[in-house]
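To start, the structure itself, in structure tokens.
Protein chains get the first letters and strands the later ones, always in sequence-line order, with residue 1 at the start of each.
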Amino acid sequence: MPELPEVETVKRGLSRLLPGLVVASVSSDNPKSFPNSPADVDAFLIGASVAAVERRAKVLLIEFSSKYSLVIHLKMTGQLVFRGRQAQFGAGHPNDSLVGELPDKSTRVIMVFRDGSRLFFNDQRKFGWMRLLPTAEVPQIDFFKKVGPEPLDSHFTSQVLWERLQRRKNTSIKAAILDQSVLAGVGNIYADESLWGARIHPRTRVRDVPEAAVRLLHTALVEVLTLSIEKGGSTSKTYVDAEGHKGSYLSFARVFRREGQPCPRCGTVIVKTKVAGRGTHVCPQCQLEHPGGITQ
DNA sequence: CACTTGACCTGTCCGC
DNA sequence: TGCGGACAGGTCAAGT
């Protein structure tokens, strides 16, 4: 899915576009995408205005004046695309838009506001979901109770990363940083990119990663996530921001989807393999497999 | 507990 | 051109 930088980009877009808008109607074609009852929607969403848009980990929160919030997870292929009152799509639309006329066949939920603008929740694979909860109950959902620290928060130091990694000592470093209870927001793209930055082979067991390498990994994570937010995130296929535009990080990526190309650091050909059940991109020369690396 | 695998879906790409 | 299988940005529930 959208990982932290993509969800943050959507959050920033929606924060500019939504606050103050009043909900007129909500429709959904798929109960798994939006399981709340029509009665709840009528009672807590219709007539409410958007108060704020937030992000925690890879989860978006749209908070309403009714003290209810929409909790939204885009998973692999979810999109939240806003269209203003006048159709913004048409002559002169930006040529980087991946989204045409809406709704389309991936549209699962449509929220219409009183001014005629609309928010579309599109999700090709239907893994994503949004649900309405009292805002006060949001921190109590299972995911938020166990999710780890925000990597771009100033409290997230190298020492904190080291301590959080200790809960997954016996697995690969890649599996560990993908674990949302270790730290929030890292997915397959930024796992590969940050491990390349720290010169750590993704298959290395956590217990074999030296403390100095964890410090490099901390730095790399912060750099990679920050750069990607600057570039509007990564679009490999379906990701778009709140206005339907692609992100450009992948043109800056060093290893992700670059198998067969030279490593920007040493020139060795980047290879694609599988670690932790995920496609994994690595420079076999400069990403060291520390002693005791997991072989599978 | 910690760890791995399969399941959830649709679409696309690649080899035959 | 069609068909089968692998694979795709993420998490869960099961299994060991």
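Of the candidate nucleotides dC9(B), dT11(C), dT4(B), dT11(C) has the atom lying nearest to any side-chain atom of Phe143(A). Considering only side-chain atoms of Arg168(A), the nucleotide from dT11(C), dG9(C), dC3(B) that sits closest is dC3(B). The listed nucleotides are dA8(C), dT11(C), dC9(B); the one nearest the side chain of Lys126(A) is dC9(B). Comparing dG9(C), dT11(C), dC9(B) by their nearest atom to the side chain of Lys32(A) picks out dC9(B). Proximity note for Arg125(A) (side chain, C-beta onward) versus dG9(C), dA8(C), dC3(B): the nearest is dA8(C).
The NZ atom of Lys146(A) sits 13 Å away from the P atom of dC1(B) (whole-angstrom rounding). Here dG10(C) presents its P atom at 16 Å from CD of Gln79(A), a figure rounded to the nearest Å. When rounded to the nearest whole Å, the span between CD1 of Ile177(A) and C1' of dC3(B) equals 17 Å. Atom NZ in Lys274(A) sits roughly 6 Å away from atom P in dA8(C) (whole-Å rounding). One atom, CG of Asp192(A), and another, P of dG9(C), lie 9 Å apart when rounded to the nearest Å. Nucleotide dG9(C) holds its C1' atom 15 Å from the CG atom of Leu80(A), rounded to whole Å. Between Arg278(A) atom CZ and dC7(C) atom P there is a gap of 13 Å when expressed in whole angstrom units. Between Lys174(A) atom NZ and dT4(B) atom P the separation is 14 Å, expressed in whole Å.
Put simply, Lys237(A) has no side-chain N or O that comes within less than 4.0 Å of OP1 or OP2 on dT10(B). Between dA2(B) and Asn170(A), no contact under 4.0 Å exists linking OP1 or OP2 to a side-chain N or O. Checking the phosphate oxygens (OP1, OP2) of dT10(B), no side-chain nitrogen or oxygen of Lys105(A) falls inside 4.0 Å. Of the side-chain N and O atoms in Lys272(A), none sit less than 4.0 angstrom from OP1 or OP2 of dA6(C). A close approach under 4.0 Å does occur between a side-chain nitrogen or oxygen of His73(A) and OP1 or OP2 of dT11(C). An OP1 or OP2 oxygen of dC9(B) is reached within less than 4.0 angstrom by no side-chain nitrogen or oxygen of Thr77(A). Under 4.0 angstrom from either OP1 or OP2 of dC9(B) there lies no side-chain N or O belonging to Gln124(A).
Comparing the same atom, C1', in dC3(C) and in dC8(B) gives a spacing of 24 Å after rounding to whole Å. A gap of 27 Å separates the P atoms of dA2(B) and dG9(C), to the nearest Å. Nucleotides dG11(B) and dC12(C) place their P atoms 24 Å apart, quoted to the nearest Å.
Residue Tyr190(A) is classed as having no contact, given no heavy-atom separation below 4.0 Å to the nucleic acid. Residue contacts shown for Ser234(A) include a base, since a base heavy atom lies under 4.0 Å away. Residue Arg257(A) is in sugar-phosphate contact alone, with no base atom involved, counting any heavy-atom pair closer than 4.0 Å across all strands shown. Across all strands shown, Gly279(A) has heavy atoms under 4.0 Å from sugar-phosphate atoms exclusively, and none from any base.
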Q) For DNA chain B, what dot-bracket results from Watson-Crick or G-U pairs at under 3.5 Å, with [ ] for crossers and | for inter-strand partners? A) .|||||||.|||||||
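Proximity of Met111(A) to Arg118(A): side-chain heavy atoms (C-beta onward) are nowhere separated by under 4.5 Å.
The side chain to side chain donor-acceptor pair (under 3.5 Å) contacts involving residues 186-202 of chain A comprise Glu6(A)-Tyr190(A), Lys174(A)-Asn188(A), Lys174(A)-Asp192(A), Tyr190(A)-Ser228(A), Tyr190(A)-Ser234(A), Asp192(A)-His281(A), Glu193(A)-Tyr249(A), where partners must be two or more places apart or lie in separate chains. Evaluation of the ring-ring contact (aromatic ring centres under 6.0 Å, His included) test over residues 157-181 of chain A, restricted to residues two or more places apart or in two chains, returns none.
Hydrophobic clustering keeps Ile189(A) apart from Ile270(A) (ILVMFWY residues linked when any side-chain heavy atoms are closer than 4.5 Å, directly or through intermediates). Val282(A) and Ile200(A) end up in different hydrophobic clusters when Ile, Leu, Val, Met, Phe, Trp and Tyr side chains are linked at under 4.5 Å.
At least one donor-acceptor pair closer than 3.5 Å links the side chain of Arg203(A) to the backbone N or O of Lys274(A). Without hydrogens or angle criteria, Asp142(A) side chain to Lys146(A) main chain gives no donor-acceptor distance under 3.5 Å. Between the side chain of Gln180(A) and the backbone N or O of Leu178(A), at least one donor-acceptor pair lies under 3.5 Å.
Between Phe156(A) and His218(A), the distance from one ring center to the other falls under 6.0 angstrom.
With centroids closer than 5.5 Å and planes inclined by less than 30 degrees as the test, Phe127(A) and the base of dG10(C) pass as a stacked pair.
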